[in-house]
**Q** 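Before I ask anything, here is the structure I am working with.
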Amino acid sequence: MPRLTRSFWIARTFLSLAEFNCKFCNQDEYQFHKKSTTLLMSFARANITPRVCKVLLAALLSFVGLAHTAPIRADEAIITHPGNTKAVTTLASIRAIFSMRLNTWPDGTAVTVFVLPDSNPLHAHFSRTVLKMLPYRLRTEWDRLVFSGTGVAPVEVSSVEEMRRRVADTPGSIGYLDEGDLDESVRAIKVQ
Amino acid sequence: MRVCVRSKSSDLAGLLIAGLLLAMPVLGADQSLWQVHGFLAQSAFYTSDNNFFGPSDDGISTDFTEAGLNASVLLFGNLRIAGQALSRNAGDYDNGELRTDYFNVDWRFWQGESSLVGVRVGRVRNPYGLYNETRDVAHTRPSIYMPSVLYTEAIRDVLLSRDGYALYGEFYGDYGTLSLEAGTGKHRISDKLVAEAMLSDIQGLSLDDANITIARAIWESPGANWRMALTNTRYTDDAFFIVKGRFTQQVNVLSLQYSSDQWQLTGEYSRFDFKLDAGPLQLKRPGEAAYLQYNWFFSREWQVYGRYEYGVWDRNHRDGSSMTQFCGTLFQQFCYPERTGYRRDTGIGVRWDIDEHWMAAVEAHYLEGTMMLSYLDNRDTFATATYWSLLGLEVAFRF
């Protein structure tokens, strides 16, 4: 059954590529990828006529392709200490702060930047959708500042709860959270 | 040979780090005020001919180890003191001696919502190209060894930092980011550096009063996907060879980089004009070098990269024929084989970022020419080979 075998291998290759290419996927996107391609593979293995299989394959592939580009989660909110009323609001300045280049607020207080680990999907999503910056470029920028002696790396927190707690406790802090996780202990910054 | 030797500031960086560690209870655990970072890398090389970082010719050389520690402390919100101490074992021209890469006081006297201006004084890093500031850390280099002609390993200390000052400014807006830096200072020279630069243990040549001026402008698009840099630097020294003369080198570098989700393309082009004007010895080298590197990010941990690099000492004689100009003359010691006048390097590599601390990389290169090949590792310039290949392996750790 050569045609079925070909479809099977196309689906199998697509699954492998999806795994390797999911550098910036969050868990939801990755699971979706996996489920849809496993479905594809079972269609390919099942005893359906080649033409039907091809149609199903094409339909599923395009659906998966669209799903990869469609946002599955909402943007994160930038948070700061409740007492910080002089927070900057332009995207360029926010980016400069998260890049660890600008290290004081307009009133002169020091900025303390909190981030989640690079491997955390929330961090990657925040970097790409809110900062509009590739996560690896952000990391390269921190490395450059650290190893040339012109700056420091941001403070890494291990969880969302720690992020909220430390931003709430540290004057001059800045961080990010899912909009659904916001509460009174932190103040959200609206980007202009 | 009389050479102005930069003295003993390895102790200064060590002092800074010791001071910081002792001041820990006072400064507290506030990571935004002070941080200590370090790195350790070990490489092994095999070459079919020519020695690269040790006796690699037809053998495996593990004579390339780098260990560094740096510290940074922020005082009063806008005053930073930072320093880095490095120990480097690199073939025959670096023996693991501890030294200071940089140690400076950085005063950021103006910082607003979308700009900052400051000045750095002390031993400051040279803002040269895209990679000079982080060339010692394996994770922040483009590959196991720096592109050889633009970022010559043999004269790394001269390129890396200077004792002087730097004035810098950064501006952020909808157009992206503009970073400007300029400064002067004394560049670091030593016996070994002179030997490397002149490809011989020159008898009777001495350099003194080393000066460098350097300026760089970088524009980054919003989000830093595009980066473009322009560097201009000038080195001058008083040269003494029978009579007093002057050595000057002017270097201009244009750098361009585009970063995408899955790949990155980097290219740097440089023109360097080297001139030695010492009485009867007149040496001119209008050089040129460039490289193009493509990185493909296969996954979060793995990347594959390929680079083509070329360099010539004389743009008007790309076959290296001007390297033989002193052969058979009074200055026979400046007679070199033609292959020292050019280099073409094609390489591919694979890099594995095991986790946020560990990294491993393996590379294979095919090279033509021996331009910028370390003299101290290959003392018989005429015994080197024109066509050679290289395999490299590196494991690195950082925190």
Side-chain angles (χ1 to χ4, degrees), chain A residues 17 19-25 86-97 99-106 108-114 117-119 124 127-128 131-156 170 172-173, chain B residues 30-35 37 39 68 70-72 74 77-78 80 82-84 101-104 106 108 111-116 120 124-125 127 132-134 136-137 139-140 168 170 172-177 179 222-225 227 259-262 264 297-302 355-356 398:
Chain A
L17 278 173
E19 277 173 39
F20 282 128
N21 286 345
C22 235
K23 194 173 154 80
F24 302 111
C25 286
K86 296 283 192 320
V88 296
T89 51
T90 59
L91 181 58
S93 308
I94 299 274
R95 232 190 245 126
I97 288 178
S99 302
M100 303 304 290
R101 293 161 98 156
L102 266 178
N103 58 16
T104 55
W105 297 106
T109 42
V111 181
T112 308
V113 180
F114 293 99
D118 284 357
S119 52
S127 179
R128 299 169 95 213
L131 292 184
K132 299 199 184 10
M133 205 164 163
L134 290 168
Y136 76 84
R137 273 244 46 88
L138 196 57
R139 167 57 64 181
T140 310
E141 196 47 46
W142 299 338
D143 284 346
R144 190 181 68 79
L145 295 173
V146 164
F147 292 105
S148 67
T150 48
V152 291
V155 179
E156 209 168 274
T170 316
S173 62
Chain B
D30 191 340
Q31 287 175 58
S32 65
L33 288 185
W34 69 275
Q35 290 187 4
H37 292 271
F39 54 91
N70 67 49
S72 173
L74 189 66
N78 59 6
R80 181 183 302 281
Q84 175 166 296
D101 268 348
Y102 62 84
F103 183 66
N104 53 66
D106 182 336
R108 204 171 271 191
Q111 197 163 181
E113 264 205 46
S114 53
S115 61
L116 56 92
R120 273 190 275 275
V124 296
R125 293 194 84 130
N132 203 44
E133 288 147 307
T134 54
D136 344 283
V137 190
H139 301 72
T140 51
Y168 66 93
E170 291 193 3
Y172 314 103
D174 293 332
Y175 53 83
T177 304
S179 312
N225 282 16
R227 293 175 78 207
S259 305
S260 173
D261 225 330
Q262 304 275 185
Q264 184 180 66
F297 307 115
F298 193 55
S299 75
R300 200 198 301 280
E301 290 94 35
W302 292 87
D355 63 17
E356 68 261 24
R398 67 151 173 210

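Labels below follow one simple rule: chain letters A, B, ... track the order of the sequence lines, proteins then strands, and each chain is numbered from 1. Fair warning: this is a prediction, and the values are worked out from it, not measured in the lab.
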**Q** Taking the side chain from E170(B) and the backbone from R101(A), do they hold a donor-acceptor pair closer than 3.5 Å?
**A**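 Judged by distance alone, no pair lies under 3.5 Å.
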**Q** Taking all non-hydrogen atoms of both residues into account, name the closest pair between A82(B) and G149(A) and its distance.
**A**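 Reported closest heavy-atom pair: CB-O, 3.3 Å.
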**Q** Measure the spacing between OH of Y172(B) and CG of L91(A) and express it to the nearest 0.5 Å.
**A**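 If we round to the nearest 0.5 Å, Y172(B):OH and L91(A):CG are 13.5 Å apart.
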**Q** Check G173(B) against A92(A) and note the closest heavy-atom contact, atom names and distance.
**A**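 Scanning both residues, the minimum pair turns out to be O-CB, 3.5 Å.
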**Q** Between the side chains of D118(A) and R300(B), is the shortest nitrogen-to-carboxylate-oxygen separation below 4.0 Å, so that they form an ion pair?
**A**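 Between D118(A) and R300(B) there is no salt bridge, as every charged N stays at least 4.0 Å from the carboxylate O atoms.
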**Q** Using every non-hydrogen atom in the two residues, find where P106(A) and E113(B) come nearest and quote the distance to one decimal.
**A**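 That would be CG-CG, 3.6 Å.
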**Q** Quick check: do R125(B) and T150(A) have side-chain heavy atoms less than 4.5 Å from each other?
**A**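 Side chain of R125(B) against side chain of T150(A), heavy atoms only: no contact under 4.5 Å found.
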**Q** Name the option with the most non-hydrogen atom pairs under 4.5 Å to chain B; the candidates are G108(A), A96(A), G151(A).
**A**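 Of the candidates given, the most pairs with chain B belong to G151(A).
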**Q** Donor-acceptor check, side chain of Q111(B) to backbone of N103(A), threshold 3.5 angstrom: yes or no?
**A**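 Answer holds: yes.
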**Q** Tell me, side chain or backbone of Y168(B) under 4.5 Å from chain A's heavy atoms, or both, or neither?
**A**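 Y168(B) has no heavy atom closer than 4.5 Å to chain A.
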**Q** Is chain A contacted by the side chain of T177(B), its backbone, both, or neither, given a heavy-atom distance below 4.5 Å?
**A**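 The answer is the side chain of T177(B).
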**Q** Select one option (side chain, backbone, both, neither) describing which atoms of S259(B) are under 4.5 Å from chain A's heavy atoms.
**A**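 Interface part for S259(B): both.
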**Q** With only heavy atoms counted, which part of S179(B) is less than 4.5 Å from chain A, the side chain, the backbone, both or neither?
**A**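 It is the side chain, since no backbone atom gets that close.
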**Q** Within a strict 4.5 Å, meaning less than it, do heavy atoms of the F147(A) and R398(B) side chains meet?
**A**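 Contact flag for F147(A)/R398(B) side chains = yes.
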**Q** Answer yes or no: is there a side-chain heavy-atom contact under 4.5 Å between L116(B) and L102(A)?
**A**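 Yes, their side chains come closer than 4.5 Å.
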**Q** Calculate, to the nearest 0.5 Å, the distance between atoms OG and CD belonging to S148(A) and Q84(B) respectively.
**A**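 Reported to 0.5 Å precision, the distance equals 9.0 Å.
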**Q** If we only count heavy atoms from C-beta on, is the M133(A) to P222(B) side-chain gap below 4.5 Å?
**A**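 No, every pair of side-chain atoms sits at 4.5 Å or beyond.
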**Q** Among G112(B), S260(B), S115(B), single out the residue with the greatest number of heavy-atom pairs under 4.5 Å to chain A.
**A**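 Top count of heavy-atom pairs under 4.5 Å with chain A: S260(B).
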**Q** Do R139(A) and H139(B) have side-chain heavy atoms sitting under 4.5 Å apart?
**A**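 They are not in side-chain contact.
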**Q** Can you say whether T104(A) sits under 4.5 Å from chain B via the side chain, the backbone, both, or neither, judging by heavy atoms?
**A**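 When you check distances to chain B, atoms from both the backbone and side chain of T104(A) fall under 4.5 Å.
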**Q** Measure the spacing between OG1 of T140(A) and CD of Q264(B) and express it to the nearest 0.5 Å.
**A**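 Here the rounded value is 7.0 Å.
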**Q** What option among N225(B), D136(B), V137(B), N132(B) has the most heavy-atom pairs under 4.5 Å with chain A?
**A**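 Most pairs with chain A among the choices: V137(B).
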**Q** Non-hydrogen atoms of chain B under 4.5 Å away: do they reach the side chain of R144(A), the backbone, both or neither?
**A**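 Both parts, backbone and side chain.
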**Q** Using a cut-off of 6.0 Å, state whether more than 12 heavy atoms not belonging to D355(B) lie near its atom CG.
**A**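 Enclosed.
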**Q** Kindly indicate whether the side chain of L74(B), heavy atoms from C-beta on, has any atom under 4.5 Å from the side chain of V152(A).
**A**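 A side-chain contact is absent here, since even the closest heavy-atom pair is not under 4.5 Å.
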**Q** Could you please spell out the steps behind the side-chain contact (heavy atoms from CB on, under 4.5 Å) verdict for D261(B) and L134(A)?
**A** CA-CA 7 Å; D261(B) 225 330; L134(A) 290 168; 4.1 Å; yes
